[in-house]
Amino acid sequence: GEFDKARTYFDQVIADPASTSSQSLLAQAYTGLGDVKYQNVRKVLATKPDKSKLPEIQDALTDASLDYLRVAKFYVSEAGDELFPATVGVARVWATQFTLGGDKDCPLAMRASSFFYAAHKMLRRGEQQRLLTKEIKAFLEKRNDACGVPGEADKKKADKKKPK
């Protein structure tokens, strides 16, 4: 119910011809629309849906990622406060798609990682950055295991073994 009302509002803002003259307003609307779509998917995933629903869920996640990407890539100069939520939104959506796809789409996981890093760079030290760091580390561990990417500890071991 609440998501549907918000989605209707954001759709109206985007469709309003007056909105086309304000990339800042469009950035807010597309970030909000991405949030609504992603939260709807999370709500569905919490019910442990049947595997037959996965293609539909993946499509909804793709739609959310496109809304976030519009802000993170096209409205960057005008996005203002929306740049961080859009950037981290892309990362979270792609991380979710990676998980739902059975941890097999390693290029997608790498793209999610790059957006996580970009979002992390936008934050100052503090609780929000600490929580995002924790989320990123958990995702990287999963990605590294699934995709055979050496983790930091593995890199340090390899560096010690290299002849000098």
Steps toward side chain to side chain contact (heavy atoms under 4.5 Å, CB included) verdict (Val13, Gln28)
CA-CA 10 Å; Val13 169; Gln28 292 172 9; over 6 Å; no
What verdict does the side chain to side chain contact (heavy atoms under 4.5 Å, CB included) test give for Phe84 and Leu132, after you've listed the backbone C-alpha separation in whole Å, the side-chain angles of each residue and the deciding distance to 0.1 Å?
CA-CA 12 Å; Phe84 172 77; Leu132 184 59; 4.0 Å; yes
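A continuous path of hydrophobic side-chain contacts links Leu69 to Leu108 [ILVMFWY only; heavy atoms under 4.5 Å]. Clustering ILVMFWY residues whenever any of their side-chain heavy atoms sit less than 4.5 angstrom apart, transitively, puts Leu131 in a cluster other than the one holding Leu123. Cluster annotation: Val71 and Phe115 are assigned to distinct hydrophobic clusters (Ile/Leu/Val/Met/Phe/Trp/Tyr, side-chain heavy-atom contacts under 4.5 Å, transitive). Under the 4.5 Å side-chain heavy-atom criterion for Ile, Leu, Val, Met, Phe, Trp and Tyr, Val93 and Leu45 are members of the same hydrophobic cluster. Tyr38 and Leu100 fall within a single hydrophobic cluster, where Ile, Leu, Val, Met, Phe, Trp and Tyr are joined by side-chain heavy atoms under 4.5 Å apart, directly or via other members.
A side-chain donor-acceptor contact under 3.5 Å links Gln97 and Thr62.
In the displayed structure, Glu141 atom CD is contacted under 6.0 Å by at most 12 heavy atoms of other residues, nucleotides or ligands.
Screening Thr87, Asp35, Thr31 against Tyr68 for a side chain to side chain donor-acceptor pair (under 3.5 Å) leaves a single residue, Asp35. Each of Phe116, Tyr117, Trp94 was scored for a ring pair (Phe, Tyr, Trp, His ring centres under 6.0 Å) with Phe139, with one residue passing: Phe116.
Of the inter-residue distances, the one linking Leu61 atom CG with Leu66 atom CG reads 11.0 Å to the nearest 0.5 angstrom. Rounded to the nearest 0.5 Å, atoms CZ (Arg92) and OG1 (Thr96) are 9.5 Å apart. Residue Lys51 holds its NZ atom at 10.5 Å from CD1 of Ile57, rounded to the nearest 0.5 Å. Taken from CD in Gln129 to NE2 in His120, the straight-line distance is 4.0 Å, to the nearest 0.5 Å.
When all heavy atoms of Lys37 and Ala60 are compared, the closest pair comes out as CB-O, 4.5 Å. In terms of heavy atoms, Val76 sits closest to Leu83 at CG1-CD2, 4.2 Å. Nearest heavy-atom pair, Ala109 versus Arg143, reported as atom, atom and distance to 0.1 Å: CB-CG, 3.5 Å. Nearest heavy-atom pair across Ala146 and Cys106 is O-SG, 4.3 Å. What you find for Ala112 and Ala95 is that their closest heavy atoms are CB-N, 3.9 Å. Among all heavy-atom pairs drawn from Leu26 and Ile14, the shortest one is CD2-CA, 4.1 Å.
Residues Lys137 and Thr133 are in side-chain contact: their nearest non-hydrogen atoms beyond the backbone lie under 4.5 Å apart. Using a 4.5 Å heavy-atom threshold, the side chains of Lys53 and Val44 count as separate.
Side-chain N or O atoms of Ser19 include none that pairs as donor or acceptor with a backbone N or O of Ala15 at under 3.5 Å.
A tilted orientation is assigned to the rings of Tyr30 and Tyr75, their planes being inclined by 30° to 60°.
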